[in-house]
Amino acid sequence: MPVTLLSSKEASSLPVYAVETDGLDRSGAPEAAIAWARSNGFTGAAGKVLSIPGENGALAGAFFGLGKLDAANPLAAGALARHLPEGDWHFAGKPAEPELAALGLMLGSYTFTRYGKKPRNALRFALPEGVDAERVQRLADGSFLARDLINTPAGDMDPDALEAAMRTLADEHGAAMTVIAGNDLLKENLPMIHAVGRAAEAAPRLLDMRWGRDDAPKVTLVGKGVCFDTGGLDLKPAAGMLLMKKDMGGAANVLGLASMIMASKLDIRLRVLIPAVENAVAGNAFRPGDVLTSRKGLTIEVGNTDAEGRLVLADAMMLADEEEPELLIDMATLTGAARVALGPDVPPFYTDDEALAGALAEASEAVSDPLWRMPLWKPYLPRLDSKIADMNNVSLDGFAGSPIAGLFLGRFVEKAKSWAHFDIYGWNPSDKPYSAIGGEAQGIRAIERVLAGRYGR
């Protein structure tokens with residue numbers, strides 16, 4: 001682990017002085033260090049790190065730029081994990097949001113090393129007083145799991161590999177896991193998962209993990225596990241396939257969230273359902289214009305084979321709904337329309353539960369995990385009408401793509417007491433202090449905070 005969190009300062013640990021823009025005089029650093037910073041042009045710009053020399057060429061500490069305080073990101077301490085030399089460190093003074101500063105430090109330490117990239121410098125960092133080190137570690141571990149799964153290329157993260165990753169997580173926490181694969185999906189009435197995935201070499205499957213006491217409140221997570229999406233017979237252009245290893249980002253995120261939940265020992269009956277498929281092209285691929293029958297019995301006309309995620313989710317969500325969970329959450333890299341509306345950093349979520357929506361908005365702000373509520377605008381439902389089936393899987397005019405996808409999924413939720421749908425991107429397209437370019441965990445820290453508030457022991 002590149003960063004080890006310490007509960008108290010080591011005698012030899014070095015100070016990090018946090019400095020807002022043009023705030024060197026208020027940093028608390030020695031005058032000689034401030035003079036050094038000025039001579040090197042350090043102004044406290046956001047994310048900048050400057051080492052402070054001591055006697056005989058030794059390090060005496062470091063400055064860290066916060067930028068303008070009204071625009072400072074509480075996770076910006078992630079830059080320290082990239083730029084500090086190896087050794088023992090502590091914050092000089094208490095950060096404004098100490099737990100988020102510690103979490104940012106951990107998140108910024110991440111490197112995807114599976115294919116030979118070297119890890120970041122090894123740091124030992126003393127936590128600010130009052131910060132729960134175990135909680136910070138749980139949140140970081142869950143985020144790293146999601147990032148690792150998304151970053152792994154589809155050649156090494158097909159449905160077989162995604163199943164193996166879920167088994168590893170289940171074994172770590174004593175969870176039970178079952179799998180329905182191949183033609184057994186038809187026997188168990190999960191026909192749309194089978195239809196979408198049947199053209200791939202790796203058999204389509206439904207992964208089902210359960211954890212917690214049987215009589216605890218039921219919380220079910222459903223994640224879109226499309227391990228690679230060619231678009232099917234409605235083939236994507238080459239540029240559109242470059243990031244399609246991330247189309248299982250919903251599955252990766254619910255597994256990261258499940259890791260947080262189980263490590264926290266929340267008092268719930270957790271169920272995780274992942275339809276794991278590849279949307280491939282072959283002679284037996286499902287076709288535009290086909291009519292599929294869902295687990296619910298609704299018939300679905302395929303208006304576009306590249307809108308496959310909502311099809312596999314629908315069967316899994318109907319199965320989840322039959323248990324009447326207290327809370328049903330689905331996460332999916334579902335629509336480009338969500339990115340057009342809100343960009344890559346702010347996933348929209350949809351729910352008719354006002355209390356849940358308020359709790360998610362509050363948690364999003366508290367843990368610096370952006371989310372934005374969007375409407376399940378029911379007057380748009382007729383846009384999914386079909387002339388020959390109960391409904392189409394897409395609207396034909398292209399408007400309101402993300403809300404309409406949410407409305408489609410909502411047709412398969414009837415008994416759950418509460419439901420929320422998250423249309424995530426699962427990818428960070430630009431370097432940030434706490435996240436390099438690559439797979440990203442989105443929304444799961446906010447959801448974990450809501451669940452911990454409801455079901456914490």
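Count residues from 1 along the sequence. Both backbone and side-chain heavy atoms feed into the values below; hydrogens, waters and symmetry mates do not. Quick caveat, the model's predicted, so the values are computed rather than measured.
When atom types are taken as modelled, the side chain of D330 and the backbone of G223 share no donor-acceptor pair closer than 3.5 angstrom. A donor-acceptor pair under 3.5 Å links the side-chain atoms of R205 to the main chain of A203, judged by distance alone. Between the side chain of N428 and the backbone N or O of A436 there is at least one donor-acceptor pair closer than 3.5 Å. In this structure, the side chain of R339 engages the main chain of I424 through a donor-acceptor pair within 3.5 Å. A side-chain donor-acceptor contact under 3.5 Å links D290 to the backbone of R287. A donor-acceptor pair under 3.5 Å links the side-chain atoms of D431 to the main chain of I437, judged by distance alone. One N or O on the side chain of D369 and one on the backbone of G443 form a donor-acceptor pair closer than 3.5 Å. Here the side chain of S264 pairs a donor or acceptor atom with the backbone of M260 at under 3.5 angstrom. Between the T305 side chain and the G231 main chain, a donor and an acceptor come within less than 3.5 Å of each other. Side-chain atoms of N189 come within 3.5 Å of backbone atoms of R295 as a donor-acceptor pair (strictly under, hydrogens ignored).
Taking both residues in full, the closest heavy atoms of K245 and P153 are given as CD-CA, 3.9 Å, listed atom of the first, atom of the second, then distance. Contact detail for S368 and P370: the closest heavy-atom pair is O-CD, 3.7 Å. Heavy-atom minimum distance, H194 versus G182: CD2-O, 3.4 Å. Here the closest heavy-atom approach between residue A363 and residue A446 is recorded as CB-O, 3.4 Å. Nearest heavy-atom pair, V281 versus G232, reported as atom, atom and distance to 0.1 Å: CG2-O, 3.5 Å. Summarising the geometry of A285 relative to A280, their closest heavy-atom pair is CB-O, 3.8 Å, with the distance given to 0.1 Å.
For the side chain to side chain donor-acceptor pair (under 3.5 Å) test, residues two or more places apart in sequence or in another chain that qualify with S402 are Y350, D423. Residues passing the side chain to side chain contact (heavy atoms under 4.5 Å, CB included) test with L169, sequence neighbours excluded: L145, E172, H173, M209, L255, A258, S259, M262. Every residue two or more places apart in sequence or in another chain that forms a side chain to side chain contact (heavy atoms under 4.5 Å, CB included) with D306 is listed here: D229, K236, N304, E308. Scanning for side chain to side chain contact (heavy atoms under 4.5 Å, CB included) contacts around K218 gives R269, E323, P325, with sequence neighbours left out. For D208, the side chain to side chain donor-acceptor pair (under 3.5 Å) test picks out R271, with sequence neighbours left out. Shown here are the salt bridge (charged side-chain N to carboxylate O under 4.0 Å, His left out) partners of R411, two or more places apart in sequence or in another chain: there are none.
Note that CD of E188 is 12.0 Å distant from CG of N183, once rounded to the nearest 0.5 Å. Distance check: D247 CG to W427 CH2 gives 12.5 Å after rounding to the nearest 0.5 Å. Between L80 atom CG and N121 atom CG the span is 12.0 Å, to the nearest 0.5 Å. If you take CD on Q442 and OG1 on T333, they are separated by 10.0 Å, rounding to the nearest 0.5 Å. In this structure, the separation between OH on Y434 and OG on S143 is 11.5 Å, given to the nearest 0.5 Å. With values rounded to the nearest 0.5 angstrom, L162 atom CG is found 5.5 Å from M248 atom CE.
Inter-residue side-chain proximity for F286 and L292 is flagged as met; some heavy-atom pair is nearer than 4.5 Å. Side chains of K296 and D315 form no contact here, defined as non-hydrogen atoms less than 4.5 Å apart. Proximity of L207 to L273: side-chain heavy atoms (C-beta onward) are nowhere separated by under 4.5 Å. Side-chain atoms of P159 and E278, non-hydrogen and from C-beta on, do get closer than 4.5 Å to each other. Contact annotation: the side chain of R210 never approaches that of V272 to less than 4.5 Å [non-hydrogen atoms, C-beta and beyond].
Checked for salt-bridge contact, K432 and D345 meet the test: a charged N lies under 4.0 Å from a carboxylate O. Under a 4.0 Å N-O distance rule, the pair D267/R454 does not qualify as a salt bridge. Using a 4.0 Å cut-off between charged side-chain N and carboxylate O, E99 and R135 make a salt bridge. The existence of a salt bridge linking E440 and K246 is excluded, since no basic side-chain nitrogen approaches an acidic carboxylate oxygen closer than 4.0 Å.
Aromatic ring centres of F64 and F91: separated by at least 6.0 Å.
For the 3.5 Å distance criterion, the side chains of T4 and R124 fail to qualify, holding no donor opposite an acceptor. A side-chain donor-acceptor contact under 3.5 Å links Y110 and N151. Side-chain polar atoms of N392 and S386 form no donor-acceptor pair below 3.5 angstrom. Donor-acceptor pairing under 3.5 Å is lacking for the side chains of N279 and T230.
When each of I447, I444, L356 is tested with I329 by the rule side chain to side chain contact (heavy atoms under 4.5 Å, CB included), just one qualifies, namely I447.
When the shell of 6.0 Å around CD of E414 is examined, it contains more than 12 heavy atoms from other residues, nucleotides or ligands. Atom CD of E86 has more than 12 heavy atoms from other residues, nucleotides or ligands within 6.0 Å.
Taking the centre and axis of the six-membered ring of F399, the NZ or CZ atom of R383 falls outside the cone set by 45° and 6.0 Å.
Below 30°, between 30° and 60°, or above 60°: for W377 and Y380 the angle between ring planes is above 60°, a perpendicular geometry.
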